[in-house]
Student: 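Before we start, here is the structure in question, set down as structure tokens.
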There are 2 protein chains.
Amino acid sequence: MALRNAILATLLEGEASGYDLSKGFDASVANFWMATPQQLYKELEALAAQGLVTARVVEQDRRPNKRLFSLTDAGREALREFTAQPAKITAIRDELLVKVQAVDAGDLDAVRRAVADRLEYARAKLARYDRGRARMLAGRTEDEYFDQVERIGPYLTLMRGRSFEKENIRWAERALSILDKRAARRAL
Amino acid sequence: MALRNAILATLLEGEASGYDLSKGFDASVANFWMATPQQLYKELEALAAQGLVTARVVEQDRRPNKRLFSLTDAGREALREFTAQPAKITAIRDELLVKVQAVDAGDLDAVRRAVADRLEYARAKLARYDRGRARMLAGRTEDEYFDQVERIGPYLTLMRGRSFEKENIRWAERALSILDKRAARRAL
DNA sequence: ATTGGCATGTAACCAGTTACATGATTCC
DNA sequence: GGAATCATGTAACTGGTTACATGCCAAT
């Protein structure tokens with residue numbers, strides 16, 4: 001019921017295959033939802049059975065066939081209903097933060113490495129967001145952009161993902177410096 | 001396996017009952033993990049069966065008895081092992097962002113309200129984080145604090161939660177102004 | 001009188017992860 | 001020759017949510 005809406009929202013951008021979505025939903029572009037390919041194929045099947053999406057098979061040469069899914073009117077309606085429902089607060093669940101919370105009784109070096117990995121990951125993702133933003137703006141200012149385009153949703157979610165990664169970077173840099181000081185103190 | 005570590009990490013602060021944890025894990029203090037009371041009672045039971053925590057029953061007058069759980073040596077060891085394991089990237093899943101993504105085909109007014117609700121929630125949570133921070137620092141600077149205290153984990157996770165809510169506020173304010181302009185344009 | 005807080009739990013269900021399975025093509 | 005990409009799916013399992021259930025005490 002939750003993934004369902006994320007898929008419908010993504011299909012607003014146009015038809016896509018399970019494989020397309022699994023790329024869009026993976027770590028690289030997912031600014032708002034993440035899912036495994038297995039989940040997507042299953043959910044797309046269910047959505048098709050409910051008539052919220054339709055599939056058409058596209059035969060390709062030198063490539064496996066693919067099924068492209070697109071929204072039906074019923075699918076658009078379901079999405080509209082979803083947006084009108086009150087949202088429940090979203091659970092924050094971050095393994096890295098659990099490790100950081102436990103660092104004082106844990107393996108300081110391993111936690112340091114985990115934070116450094118997150119920093120690297122956040123930098124890469126921020127770069128991707130910045131490219132996506134540049135592509136959307138295409139030289140215009142934000143205000144010009146909003147005046148000219150039909151859809152504002154994708155830009156707003158991109159900006160949230162972008163600021164999330166920016167904050168990850170700031171926090172991780174600060175955390176690393178504090179963890180390093182602590183390691184030095186322990187070494188005495 | 002995931003909630004398990006969050007519970008063990010929380011018990012580093014000292015013994016706690018299922019009810020205590022369910023308050024600590026609720027929307028107000030959960031800077032890194034969230035869980036329902038039902039999940040917690042079940043998981044605590046399992047942890048006790050595995051010998052990672054021990055329970056002692058405290059009888060209270062004018063109140064139901066409570067079971068206070070604390071870490072065992074095996075529990076500390078399990079937590080340490082967890083911190084040494086490589087962390088997997090955390091899934092982002094935010095219903096509000098799905099709604100915002102779909103806003104152009106959805107109910108603009110309802111989405112606006114959802115963003116406003118999030119803004120209000122984020123402000124309340126930021127205030128709580130700020131109080132928690134002031135309590136921890138107790139008048140000291142951050143550097144003084146880190147030099148004096150044994151545990152740095154709780155402060156670092158608090159700071160991450162705090163900056164997350166700050167960004168929620170910034171983003172929601174900007175999003176609201178853009179959604180309002182869009183509503184005005186549609187009204188023409 | 002009724003709402004809210006304290007305090008614990010069970011059971012049924014739904015969502016998400018991991019492992020397995022296949023097979024052609026393209027790039028290094 | 002081997003790894004990565006395209007493309008789809010099944011099955012078993014684990015984790016998480018929702019509904020139900022109980023009962024006393026304090027405050028309004």
Side-chain angles (χ1 to χ4, degrees), chain A residues 1-7 15-28 30 33-50 53 55-69 82 85-95 98, chain B residues 1-8 15-28 30 32-50 53 55-69 82 85-95 98:
Chain A
M1 210 65 182
L3 175 59
R4 193 194 79 157
N5 302 305
I7 291 175
E15 57 179 8
S17 68
Y19 188 77
D20 291 337
L21 290 174
S22 83
K23 279 192 290 122
F25 271 74
D26 83 359
S28 63
W33 206 269
M34 271 171 73
T36 58
Q38 289 73 11
Q39 246 182 301
L40 292 167
Y41 285 117
K42 196 153 69 96
E43 195 66 31
L44 282 167
E45 207 54 63
L47 286 169
Q50 291 166 245
V53 301
R56 70 185 181 95
V57 175
V58 175
E59 298 192 20
Q60 306 178 108
D61 49 286
R62 299 157 192 282
R63 290 260 159 81
N65 295 346
K66 61 179 170 183
R67 293 169 72 201
L68 287 178
F69 294 88
F82 162 70
Q85 288 302 117
K88 54 186 153 209
I89 45 128
T90 299
I92 303 168
R93 284 188 182 131
D94 194 335
E95 268 208 5
V98 178
Chain B
M1 211 66 185
L3 175 59
R4 194 194 79 157
N5 302 305
I7 292 175
L8 295 176
E15 58 179 8
S17 67
Y19 188 76
D20 291 336
L21 289 174
S22 83
K23 279 194 289 119
F25 270 75
D26 83 359
S28 63
F32 56 91
W33 206 270
M34 271 171 73
T36 58
Q38 289 73 12
Q39 247 183 299
L40 292 167
Y41 285 116
K42 197 153 68 97
E43 195 66 30
L44 283 168
E45 207 53 63
L47 286 169
Q50 292 166 245
V53 301
R56 69 184 181 96
V57 174
V58 175
E59 298 191 21
Q60 306 179 109
D61 49 283
R62 300 158 191 280
R63 288 258 159 83
N65 294 348
K66 59 179 171 183
R67 294 169 72 203
L68 286 178
F69 295 88
F82 162 69
Q85 288 301 118
K88 53 185 156 214
I89 44 128
T90 299
I92 303 167
R93 285 187 183 131
D94 193 335
E95 267 208 6
V98 178

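The sequence lines fix the lettering, A, B, ..., with proteins before strands; numbering per chain opens at 1.
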Student: To the nearest Å, give me how far apart CG (B:L3) and P (C:dG16) are.
Tutor: 17 Å

Student: Would you kindly give the CD-to-C1' distance between A:E43 and C:dA15, to the nearest whole Å?
Tutor: 9 Å

Student: Both B:F69 and A:D61 contact DNA chain C. Which one's nearest nucleotide lies toward the 5' end?
Tutor: B:F69

Student: Mind checking if B:Q38 touches a base, just sugar-phosphate, or nothing, with heavy atoms under 4.0 Å?
Tutor: base

Student: Using a cut-off of 4.0 Å on non-hydrogen atoms, how would the nucleic acid contact of B:R93 be classed: base, sugar-phosphate, or nothing?
Tutor: sugar-phosphate

Student: Tell me the interatomic distance from B:R4, atom CZ, to D:dT14, atom P, rounded to whole angstroms.
Tutor: 14 Å

Student: Find which nucleotide of DNA chain D each of B:P64 and A:P64 is nearest to by heavy atoms, and output the residue with the more 5' nucleotide.
Tutor: A:P64

Student: Given D:dT17, D:dG9, C:dC6, identify the nucleotide with an atom nearest to the side chain of B:K23.
Tutor: C:dC6

Student: In the structure I gave you, are the side-chain heavy atoms of A:F69 and A:L21 within less than 4.5 Å of one another anywhere?
Tutor: no

Student: For the pair B:R67 and B:E45, find out whether any cationic side-chain nitrogen is under 4.0 Å from an anionic carboxylate oxygen.
Tutor: yes

Student: Quick one: A:Y41 OH to C:dA15 C1', roughly how many Å, whole number?
Tutor: 19 Å

Student: To the nearest 0.5 Å, what is the distance between CZ (B:R56) and CG (B:L68)?
Tutor: 5.0 Å

Student: Nearest whole angstrom, please: distance from the C1' of D:dT18 to the NZ of B:K42.
Tutor: 13 Å

Student: Nearest to the side chain of B:Y19, heavy atoms from C-beta on, is which of D:dC6, D:dT18, C:dT8?
Tutor: C:dT8

Student: For the CD1 atom of A:I89 and the CG atom of B:D94, what is their distance to the nearest 0.5 Å?
Tutor: 10.5 Å

Student: Please check the phosphate of C:dT8 (OP1 and OP2 only) for any side-chain N or O of B:S17 closer than 4.0 Å.
Tutor: yes

Student: Please report the distance, rounded to the nearest Å, between CG in B:N65 and C1' in C:dA7.
Tutor: 9 Å

Student: Pick the closest DNA chain C nucleotide for B:Q60 and for A:R62 by heavy atoms, then say which residue is nearer the 5' end.
Tutor: B:Q60

Student: Can you find a side chain N or O atom of A:R67 that sits less than 4.0 Å from OP1 or OP2 on D:dG9?
Tutor: yes

Student: Can you tell me if the side-chain N/O atoms of B:K88 get under 4.0 Å from OP1 or OP2 in C:dG16?
Tutor: no

Student: Please report the distance, rounded to the nearest Å, between NZ in B:K66 and C1' in D:dT22.
Tutor: 20 Å

Student: Look at the side chain of B:T36 and decide which nucleotide, out of C:dG16, D:dT17, D:dG9, has an atom nearest to it.
Tutor: D:dT17

Student: Starting at CD of A:Q39 and ending at P of C:dA15, how long is that distance when rounded to a whole Å?
Tutor: 10 Å

Student: More than 12 foreign heavy atoms under 6.0 Å from CD of A:Q60: is that the case here?
Tutor: yes

